[in-house]
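Accompanying notes for the structure given below.
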Amino acid sequence: MTGTRPMRQRPAVVTLLLAFLLTGVLLASLLTGSSGVNVADILDALLAWGDSSTPAGAIVWRIRLPRALLAAAVGATLSLGGLVFQARLRNALAEPYILGISGGAAVGAILAMFAGLAMFPGVALASFLSSLLVMALVLLLSRGRATGRSESLLLAGVMLNAFCSACIMFLLSLSQSTQVHHILFWLMGDLSLAEPGQLWLFPPLFFCFFLILIHARPMNLLLTGEESAAALGLHLRRVTWVLLGVTSLMVSLVVSQAGLVGFVGLVVPHFFRLCCGPDHRVLVPACILGGGSYLVLCDLLARSLPAGGEMPVGVITAMIGAPLFIIMLWRSRS
Amino acid sequence: MIRNQHFARVVTLCCCLLSVAVTAWAGTRQLQDQAGRSVTVPEHPRRVIALIPSLTEIVFALGRGDLLVGATQFAKEPPAAAELPRVGSYLHLDIERIVALRPDLCLASRDGNPEHMIRRIEQLGIPVFALDPRTLPEISDSVTLLGELLDAQPQATVINRDMAAKMAAVASRVQAAGKRPGVFFQIDASPLVSAGRGTFIDGLITGAGGRNLAGERTSYPRFSWEEILALQPEVVIIASMAGGYSEEELKAQWARWPDLPAVKNGRVHVVDASLFDRPVPRLADGLVALAELLHPEAGQ
């Protein structure tokens with residue numbers, strides 16, 4: 001009995017630690033920003049809870065807070081999406097974008113930008129719908145193949161994504177210089193347009209997180225392989241549909257709001273797998289809280305590092321994530 | 001007792017609201033901007049941010065550079081503008097810095113600044129006045145409007161009179177010349193880019209008595225050398241530093257086609273790009289320079 005006790009406690013410990021981390025980085029991102037408003041003013045604004053009548057108050061409550069919260073939501077969703085796809089497809093390279101969500105969303109968004117639609121809801125809606133469309137197409141293409149379903153899903157996704165990239169390049173070559181700048185920022189992930197109105201994202205995202213959390217145990221079973229998971233009593237088809245469906249939905253939602261923030265879905269789940277082992281009861285909360293913290297931190301750097309204007313957060317996520325991951329990989333080997 | 005307190009609170013609140021409304025009403029006015037919107041602007045703006053370099057330059061030209069508290073990246077004309085705090089680029093505005101500078105008015109370009117960013121600034125309670133200078137007459141209109149907005153009507157009149165004089169001189173030169181040569185205006189090299197219909201460069205070429213060979217297309221189209229050989233330009237105008245090449249390199253690209261009329265007659269000219277790069281009053285100088293290149297004979 002004593003052997004199982006640490007195993008039971010670990011999810012709680014990891015969750016608590018990462019919740020502290022997330023709170024910490026959220027606070028830090030409220031305190032820092034491009035404007036260089038001094039910390040005393042910001043603290044005053046923080047104490048005057050929710051009051052945005054002063055410039056410092058407006059900066060904290062109407063610019064920094066929605067942005068930090070959006071970053072946390074996007075980071076959490078993408079990391080969790082990566083975790084689910086890696087578990088279900090049993091492929092270390094799987095992440096939400098690989099099944100065509102990114103390509104589909106980008107084509108829809110760029111077409112909407114060409115049509116001169118507003119960022120919200122026009123562009124966001126177009127990218128959401130087109131990513132769902134591509135995702136549905138991928139699932140449809142791989143239907144009815146009992147064996148090697150993972151492979152056919154991956155292949156269909158990669159091919160559709162490649163096709164979408166070609167479409168993106170085609171559209172980019174047609175576009176004018178002012179649009180190109182805007183589109184490139186979107187393609188690299190851009191949180192600078194965050195506004196309080198976007199926080200409606202949270203209830204549906206939390207619901208998706210909850211659905212995935214209660215599938216943590218089936219995801220553990222999936223690690224043993226499709227046949228043995230089915231032999232252990234797992235309703236493979238139903239679990240697959242729930243996991244892929246919920247993940248596609250939530251990832252499409254955040255992509256439509258923040259553009260293509262790359263790399264988070266790949267690096268965060270692997271990072272926690274190397275730190276905490278393969279148990280999804282630990283990994284699901286770890287990815288939600290850790291992924292959120294990671295993107296909040298990256299966004300903080302994206303908007304405070306460059307002097308001449310901020311850079312897309314996607315640049316930072318990959319710049320920090322890739323070397324960090326390589327170091328982790330190296331250390332886990334030796 | 002509680003009721004009294006409640007009543008007192010309501011009265012205080014009403015007084016506060018009323019005083020805010022009165023001061024707001026006394027210090028503001030409604031003005032129609034060039035996007036066709038009615039904007040509530042301060043009677044006498046004190047802290048202004050121009051969200052695009054061309055507008056920064058016009059405000060300085062009006063002698064109201066002292067009102068500016070921020071500018072965008074690349075707003076380096078006149079030199080004093082380079083000293084202003086930066087608020088990102090005109091395409092990617094740093095909203096937080098804008099708010100931190102406490103402007104009471106932002107000046108935007110209808111064509112240049114992304115609409116969603118303008119809306120975001122307005123949501124934060126900062127009035128945004130949109131201008132839309134593209135052709136020389138539109139620049140004149142913008143100058144007049146900005147003069148009214150920033151209490152600089154006399155200076156606006158001076159600028160507009162000067163622009164009108166230059167435009168009139170060019171018009172008479174064009175009339176004296178009679179014919180209109182085919183002009184290829186190269187604004188970028190590799191790929192070759194020109195300015196099509198509806199751009200301010202198109203307006204300048206027409207105004208200076210030329211035919212814009214790129215006028216068949218809209219905005220800033222790319223060209224292949226094959227298309228250029230087919231167009232047979234009589235005059236080639238190259239914006240300096242196009243594609244980062246030196247003047248010699250730019251001319252050498254054209255010298256490869258000695259049979260083109262423009263090359264044969266030595267009418268490939270590199271012009272100072274800063275005369276043509278922004279819709280500001282000095283565009284009138286660009287018009288004069290262009291007319292001199294297109295119709296050298298008419299001036300003598």
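Heavy atoms only: backbone and side chains are in, while hydrogens, waters and symmetry mates are out.
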At a 4.5 Å cut-off on heavy atoms, which part of A/Arg67 comes close to chain B: side chain, backbone, both, or neither? neither

Can you say whether A/Asp190 sits under 4.5 Å from chain B via the side chain, the backbone, both, or neither, judging by heavy atoms? side chain

Counterpart residues, side-chain hydrogen bond (donor to acceptor under 3.5 Å, both in side chains), relative to B/Arg282 (two or more places apart): B/Glu57

Any Lys/Arg nitrogen of B/Glu216 or B/Arg197 sitting under 4.0 Å from an Asp/Glu carboxylate oxygen of the other? no

Among B/Glu115, B/Gln123, B/Met117, B/Arg120, the residue with the most heavy-atom pairs under 4.5 Å to chain A is B/Arg120

Can you name the ring pair (Phe, Tyr, Trp, His ring centres under 6.0 Å) partners of B/Phe200, sequence neighbours left out? none

Quick check: are there more than 12 heavy atoms from other residues, nucleotides or ligands sitting under 6.0 Å from CZ of B/Phe223? yes

